[in-house]
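Below, each value reflects all heavy atoms present in this structure, side chains not excepted, and no hydrogens, waters or symmetry copies. Reminder, nothing fancy here: chain letters follow the sequence lines and each chain counts from 1. Because the structure is a prediction, the values reported are computed rather than measured.
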Protein chains: 2
Amino acid sequence: MNGRPTIKDVARKAGLSLSTVSLVLNKRENVSDETRRKVLDVINELGYYPQRSARGLASKLSGNIGFVLTDDHFTQAEPFYTKIFLGTELEARKYNYYVLLTTVARTVKETDEIPRFLLEQNVDGVIIAGRIGLSWIEYIRRFKLPLVLIDYDVARHNLSSVVMDNRGGAQLVVDHLHKGGHTKIGFVGGDLDHPSIAERYLSFRETMQARGLSLNGAWVQVDEADTRIRDGYEAMKKILNSADRPTAIFAANDAMAIGCIRCLKESGLRVPYDMAVVGFDNIEAGLYVEPRLTTINVHREEMGELALRRIMEMINHQNNVVTKTLAPVELVVRESCGIKTQEHGHQIPHTFSKQGGNHEDLAHGFGTGSRSADVSVGSGGTEHEPASER
Amino acid sequence: MNGRPTIKDVARKAGLSLSTVSLVLNKRENVSDETRRKVLDVINELGYYPQRSARGLASKLSGNIGFVLTDDHFTQAEPFYTKIFLGTELEARKYNYYVLLTTVARTVKETDEIPRFLLEQNVDGVIIAGRIGLSWIEYIRRFKLPLVLIDYDVARHNLSSVVMDNRGGAQLVVDHLHKGGHTKIGFVGGDLDHPSIAERYLSFRETMQARGLSLNGAWVQVDEADTRIRDGYEAMKKILNSADRPTAIFAANDAMAIGCIRCLKESGLRVPYDMAVVGFDNIEAGLYVEPRLTTINVHREEMGELALRRIMEMINHQNNVVTKTLAPVELVVRESCGIKTQEHGHQIPHTFSKQGGNHEDLAHGFGTGSRSADVSVGSGGTEHEPASER
DNA sequence: TAATAGAATCGAAGCGTTTCGATAATACGG
DNA sequence: CCGTATTATCGAAACGCTTCGATTCTATTA
């Protein structure tokens, strides 16, 4: 009786057997309401809480999910994966699961760098977030655990994944610019190696064509080395060199969009008056650029949630159908696109939700809507505030 | 024999008893070298790995450490706590421990928001990082688990903590400015509520006096509402209003330093020529300000490491002496202080290590030194790069 | 050489659950 | 009113490890 009470104490005090108490704990059926109540009362009275390791041992389930991130992803300034993790963690609580976060180098090297939770059978499923070495994916697959990727996907591996609705986002951008009167739209893609960038690019092309807008080869730059500010800057330069110029630029991510803006300013062009610019990702830096960046917001936390739910499905129902889940995106209108309000004269917030799932299969948990309150829109708070004292 | 091998399989194959194998696993003494070798061979051959929950159940230790963070701390753009967590996680691996990261609201509210790992006896110790509601600290204390605070401290609670060497850092700043020829040094502190800010302030005063430099009340502004950019801006304004002006400003954190610079620029003053500015914390934004900020770098990951080691000590040796551990800091010289090189004509890197522990008790793990390679110093890479495509 | 101490190994109990097959209690249809 | 199906509860084994006290073996000492 010293230390915390155990299930045995509960059983004794309730005048029932261990197994019955266990049935109540696990919310199994075939327990009379009366018994259930009695057990719950005793549990409350004693302050009993089942012990993790004992459960794990008996049930063959650890109650943990492994969350794998490359270290560079985790420590980058933009808290993108941090938010995804948070979404996963919050959702995991509902299932009474823990999330074991571990970081790895980009590619598998030494044996002792392998996430121990795999070796110790300490997780019931694994989530991998972000671009990671294929060797890792292959390695982890061998453990035959439920596995879900977030914000990454490898076509030839047949894995479930949660990705943002890149195609939908690109469509939103083109349509917004189009409705704002632009017909000559350029694209800055950096390099197309990253699956998300490629998708945005393809959808850009498709949407342009679908809207009857012509593509000018000189306005589409997808040959840079990377997808950073510098690459956007260089790509913009090339576009400015073309004889005819577009009136708007869709950059495949915010970093490159910032590079575009920088280049335009240096060239003495005014954004958005001489050239409109729209990005993708809604990173913080987009708020500090002048003019502030119109972009596509991604529901980061929701991505983490969706992945966790998917994993739980796989764990509980052995549901191993491969799914691609699209996380919703939305347009965030700021000043860099030069399009003040919606054509109908709508007010703030200038956000349009785009429901994905245009060709992929079922999209779980879409449109909770409430989250859009998080999104910074239009007006207010111009000051740059990187961090107060912690 | 299906599924993973267990300790039983190892014992059988090695022709030894369970207990002997267990002794080897736990690196206990009183095992002959021959036996040890044989066991290890079999383990290797079978690919055996002890199972977590079974261990936990038998040993009464979960093998987990709880890491508590308030949600705002975790998701802020500056990856300060993220890095601390990473340090903890990496160090935990050495002890074969897992770190369970959970976030909480600033103050305790609903019961079901309590970190489950406490209730489920799923951690052997707890680390709390950053400023957090006292109610949380009090609540967690009741579980009688080893507890360490990082980057926060509450004098009246007698708790072990790991904090950066605020006093040492402030001293470095004053000395650097002094050696650079400044004698009229102002201080911008925002408000002194935060323990770290208060320490920096006190140490600033002490060092000034120790160096025989006089303090001018008009140059010391510690009455703002917060410690953000805006507060630095306002404080700077007041200082500029004084009849006599200082030639250098020490802002108690980088955010306020940035505010100071902004104000100075707007007033038509040039930094560092008309006024030198130095900050504290080495946040990323300090690299993107013009001129780039001279500041005090804090070894974030090391703070996490130190805390984990301390916790492990407490777990293993029941060593419950209360300790305050100081994490080392170093001066990072960039352009905002206007002091090009060290007086001896030293070259890059412009970093001076300051060993803390000036009055606090033992400081664990100081001066590993290797980490200073992480620190951005002096030259190179001017471009602002918030985030490439992930 | 007998007595003793120490080192190496072993057996068995125990950790706190879940789960499966058995049993007891209740309801139902004919 | 009895046999059967269904529901509620129970007992005991099992999960994979640690640990403690007991046992065996070897070396040391008087």
Would you say D:dG16 has OP1 or OP2 under 4.0 Å from some side-chain N or O of B:R52? no

Just so I know, are the side chains of B:L69 and B:F85 near enough to count as touching, which here means a heavy-atom distance under 4.5 Å? no

Take the protein atom CD of B:Q51 and the nucleotide atom C1' of D:dT18, then report the distance between them rounded to whole Å. 14 Å

For C:dC10, does either OP1 or OP2 sit under 4.0 Å from a side-chain N or O belonging to B:T20? yes

Once you round it to whole Å, what is the distance between P of D:dT9 and NZ of A:K38? 9 Å

Closest approach to the side chain of A:L57, judged atom by atom: which nucleotide of D:dG16, D:dT9, C:dT18 is it? D:dG16

Side chain of A:S19 (C-beta onward), nearest among D:dT9, D:dC20, C:dC20: C:dC20

Between A:R309 and A:E313, does any NZ, NE, NH1 or NH2 come within less than 4.0 Å of an OD or OE carboxylate oxygen? no

Of the nucleotides C:dT18, D:dG16, C:dT9, which one has an atom closest to the side chain of B:L16? C:dT9

Residue A:I7, side-chain atoms from C-beta onward, closest of C:dT17, D:dC17, C:dT9: C:dT17

Distance, rounded to the nearest Å, where A:N122 contributes CG and D:dC15 contributes P: 19 Å

Under 3.5 Å donor-acceptor pair, A:S17 side-chain atoms to D:dG11 base atoms: no

Could you check how far CD of A:E34 sits from P of C:dT26, rounded to whole Å? 11 Å

Start with the C-alpha distance between A:D41 and A:R37, add both sets of side-chain angles, then the distance that settles salt bridge (Lys or Arg N to Asp or Glu O under 4.0 Å), and finish with yes or no. CA-CA 6 Å; A:D41 284 351; A:R37 275 231 51 75; 2.8 Å; yes

Are OP1 or OP2 of D:dC17 and a side-chain N or O of B:Y48 less than 4.0 angstrom apart? yes

Answer yes or no: does a side-chain N or O of B:N30 lie under 4.0 Å from OP1 or OP2 of C:dT9? no

Rounded off to whole Å, could you give me the CG-to-P distance for the A:L46 and C:dG16 pair? 14 Å

Using the side-chain heavy atoms of B:L23, tell me which of these nucleotides is nearest: C:dT17, C:dT9, D:dC17. C:dT9

Establish, with yes or no, whether the OP1 or OP2 oxygen of C:dG16 is under 4.0 angstrom from a side-chain nitrogen or oxygen of B:K60. yes

Between P on D:dA8 and CZ on A:R28, what's the gap in Å once rounded to a whole number? 14 Å

The answer to which of B:S32 and A:S59 contacts DNA chain C further toward the 5' end, by nearest nucleotide, is B:S32

Give one of base, sugar-phosphate or nothing for A:T35, where a contact means two heavy atoms less than 4.0 Å apart. sugar-phosphate

Between the side chains of B:R142 and B:E138, is the shortest nitrogen-to-carboxylate-oxygen separation below 4.0 Å, so that they form an ion pair? no

Rounded distance (Å) that lies between atom C1' of C:dT9 and atom CG of B:D33: 15 Å

Is the ring pair B:Y98/A:F117 parallel, tilted or perpendicular, if the boundaries are 30 and 60 degrees? parallel

When all nucleic acid strands are considered with a 4.0 Å heavy-atom cut-off, which category describes B:T6: base, sugar-phosphate, or nothing? sugar-phosphate

Distance in angstrom units between A:R4 CZ and C:dG16 C1', rounded: 14 Å

Which part of the nucleic acid does B:R36 contact within heavy-atom distance under 4.0 Å: base, sugar-phosphate only, or nothing? nothing

Where the side chain of A:S22 is concerned, which of D:dT19, D:dG16, C:dT19 is the nearest nucleotide? C:dT19

Under the 3.5 angstrom rule, does the side chain of B:D9 hit a backbone N or O of B:T6 as a donor-acceptor pair? yes

Any A:R55 side-chain nitrogen or oxygen under 4.0 Å from OP1 or OP2 of C:dT18: yes

